[in-house]
Amino acid sequence: MTPAINLLKKYKIEHRVLSYVHDPKAASYGLEAADKLGLEPVRVFKTLLAATEKEELLVAIVPVGGSLDLKALAHAASVKKADMANPQVAQRATGYLVGGISPLGQKKRLRTFIDSSAERFPTIYVSAGRRGLEVELSAQALASLTAGQFAEIARE
């Protein structure tokens with residue numbers, strides 16, 4: 001079990017865990033998950049960490065087929081600027097390895113922003129806290145558990 005799955009069980013959140021054999025040579029963890037699990041990439045979301053000009057870490061959850069719009073994230077977070085966080089800093093703050101960072105069950109509570117496209121689907125998929133492990137849940141449940149805000153933060 002991962003901290004993400006334990007959190008879902010603790011709060012009795014309806015979810016489904018899916019697993020696949022991760023290929024260490026995969027160019028994109030998120031697209032690999034969508035492909036190996038036969039999922040629509042628009043419903044599979046990756047968890048990224050950004051750092052503000054004041055070194056605050058932000059969690060951004062965007063579709064795996066797109067990219068994070070850092071200016072839009074900064075605007076949503078009411079900060080001047082956001083850049084991608086150092087991977088080691090992201091791993092330390094979340095307790096997860098890059099490629100398996102889940103928005104759920106992180107070591108530190110970070111402000112979280114979910115791309116508003118997630119609201120269009122009955123369920124979405126996010127990392128369950130390990131490479132090769134995804135969890136399906138509603139975007140509303142994800143927002144509730146992370147105190148996340150929906151915002152237009154993704155680019156195609």
Side-chain angles (χ1 to χ4, degrees), residues 1-50 57-70 72-73 76-77 84-85 87-156:
M1 281 312 138
T2 66
I5 295 170
N6 290 340
L7 183 73
L8 290 165
K9 287 183 175 182
K10 177 182 175 182
Y11 289 100
K12 296 176 174 47
I13 301 296
E14 191 175 325
H15 68 282
R16 182 170 66 117
V17 177
L18 299 94
S19 65
Y20 60 93
V21 178
H22 166 64
D23 178 357
K25 296 184 201 113
S28 164
Y29 298 112
L31 289 174
E32 177 195 28
D35 181 53
K36 289 200 171 177
L37 295 170
L39 305 171
E40 299 171 84
V42 293
R43 289 184 58 201
V44 180
F45 285 70
K46 57 189 169 186
T47 305
L48 302 171
L49 270 79
L57 290 177
L58 304 172
V59 176
I61 303 165
V62 298
V64 298
S67 61
L68 173 60
D69 182 334
L70 289 163
L73 176 63
M84 293 307 296
Q88 284 74 32
V89 171
Q91 290 180 160
R92 259 194 317 278
T94 63
Y96 293 115
L97 292 175
V98 167
I101 293 179
S102 177
L104 301 164
Q106 296 181 355
K107 282 187 355 189
K108 290 184 180 175
R109 191 65 172 278
L110 304 172
R111 284 202 295 156
T112 300
F113 298 87
I114 306 163
D115 186 63
S116 53
S117 67
E119 294 180 287
R120 295 196 318 246
F121 306 106
T123 60
I124 60 170
Y125 303 85
V126 296
S127 174
R130 196 172 66 228
R131 295 171 187 162
L133 203 61
E134 293 285 308
V135 65
E136 177 183 15
L137 75 166
S138 75
Q140 287 68 31
L142 177 63
S144 174
L145 287 170
T146 60
Q149 296 175 233
F150 291 101
E152 290 188 23
I153 57 169
R155 274 195 298 235
E156 303 256 340

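Residues: numbered from 1 along the sequence shown.
Taking every heavy atom of both residues into account, Leu70 and Ala50 meet most closely at CD2-CB, 4.2 Å. Looking at every heavy atom in both residues, Ala4 comes nearest to Leu104 through CB-O, 3.6 Å. For Arg130 against Thr2, the heavy-atom pair with the smallest separation is NH1-CG2, 4.2 Å. The two residues Ser127 and Val135 have their closest heavy-atom pair at O-CG1, 4.2 Å. Contact between Phe150 and Ala118 at its shortest, heavy atoms only, is CE2-CB, 4.3 Å. Taking both residues in full, the closest heavy atoms of Ser19 and Leu37 are given as O-CD2, 3.6 Å, listed atom of the first, atom of the second, then distance.
Met1 CE: 12 or fewer foreign heavy atoms inside a 6.0 Å radius.
Proximity of Phe113 to Val59: side-chain heavy atoms (C-beta onward) are nowhere separated by under 4.5 Å. With a 4.5 Å cut-off on side-chain heavy atoms, Leu7 and Ile13 do not count as touching.
Between the CD atom of Glu134 and the OH atom of Tyr125 there is a distance of 9.5 Å, given to the nearest 0.5 Å. Taking CD1 of Ile153 as the reference point, atom CG of Leu48 lies at 8.5 Å (rounded to 0.5 Å). Note: Tyr29 OH to Thr47 OG1 = 13.5 Å, rounded to the nearest 0.5 Å.
Side-chain N or O atoms of Gln149 include none that pairs as donor or acceptor with a backbone N or O of Ile114 at under 3.5 Å. Distance alone, capped at 3.5 Å, places no donor-acceptor pair between the Lys46 side chain and the Gly99 backbone. With hydrogens and angles ignored, the 3.5 Å screen pairs no side-chain donor or acceptor of Arg131 with any backbone N or O of Pro24. In this structure a side-chain-to-backbone donor-acceptor pair under 3.5 Å is missing from Ser144 to Gln140.
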- Task: Kindly determine whether Leu58 and Leu49 satisfy side-chain contact (heavy atoms from CB on, under 4.5 Å), including the steps that lead there.
- Result: CA-CA 6 Å; Leu58 304 172; Leu49 270 79; over 6 Å; no

- Task: In sequence, state the C-alpha distance, the side-chain angles, and the governing distance for Tyr11 and Leu145, and then conclude on side-chain contact (heavy atoms from CB on, under 4.5 Å).
- Result: CA-CA 9 Å; Tyr11 289 100; Leu145 287 170; 3.9 Å; yes

- Message: side-chain contact (heavy atoms from CB on, under 4.5 Å) for Leu137 and Thr123? Distances and angles first, verdict last.
- Response: CA-CA 5 Å; Leu137 75 166; Thr123 60; over 6 Å; no

- Item | Stepwise side-chain contact (heavy atoms from CB on, under 4.5 Å) check, Val17 with Ile5 | CA-CA 8 Å; Val17 177; Ile5 295 170; 4.0 Å; yes

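Identified under the side chain to side chain donor-acceptor pair (under 3.5 Å) test for residues 93-122, with sequence neighbours left out: Glu56-Arg111, Asp115-Ser117.
Applying the side-chain contact (heavy atoms from CB on, under 4.5 Å) rule to Phe121 yields the partners Val42, Arg43, Ile124; only residues at least two apart in sequence or on another chain are considered.
With no hydrogens or angles considered, a side-chain donor-acceptor pair links His22 and Glu32 at under 3.5 Å.
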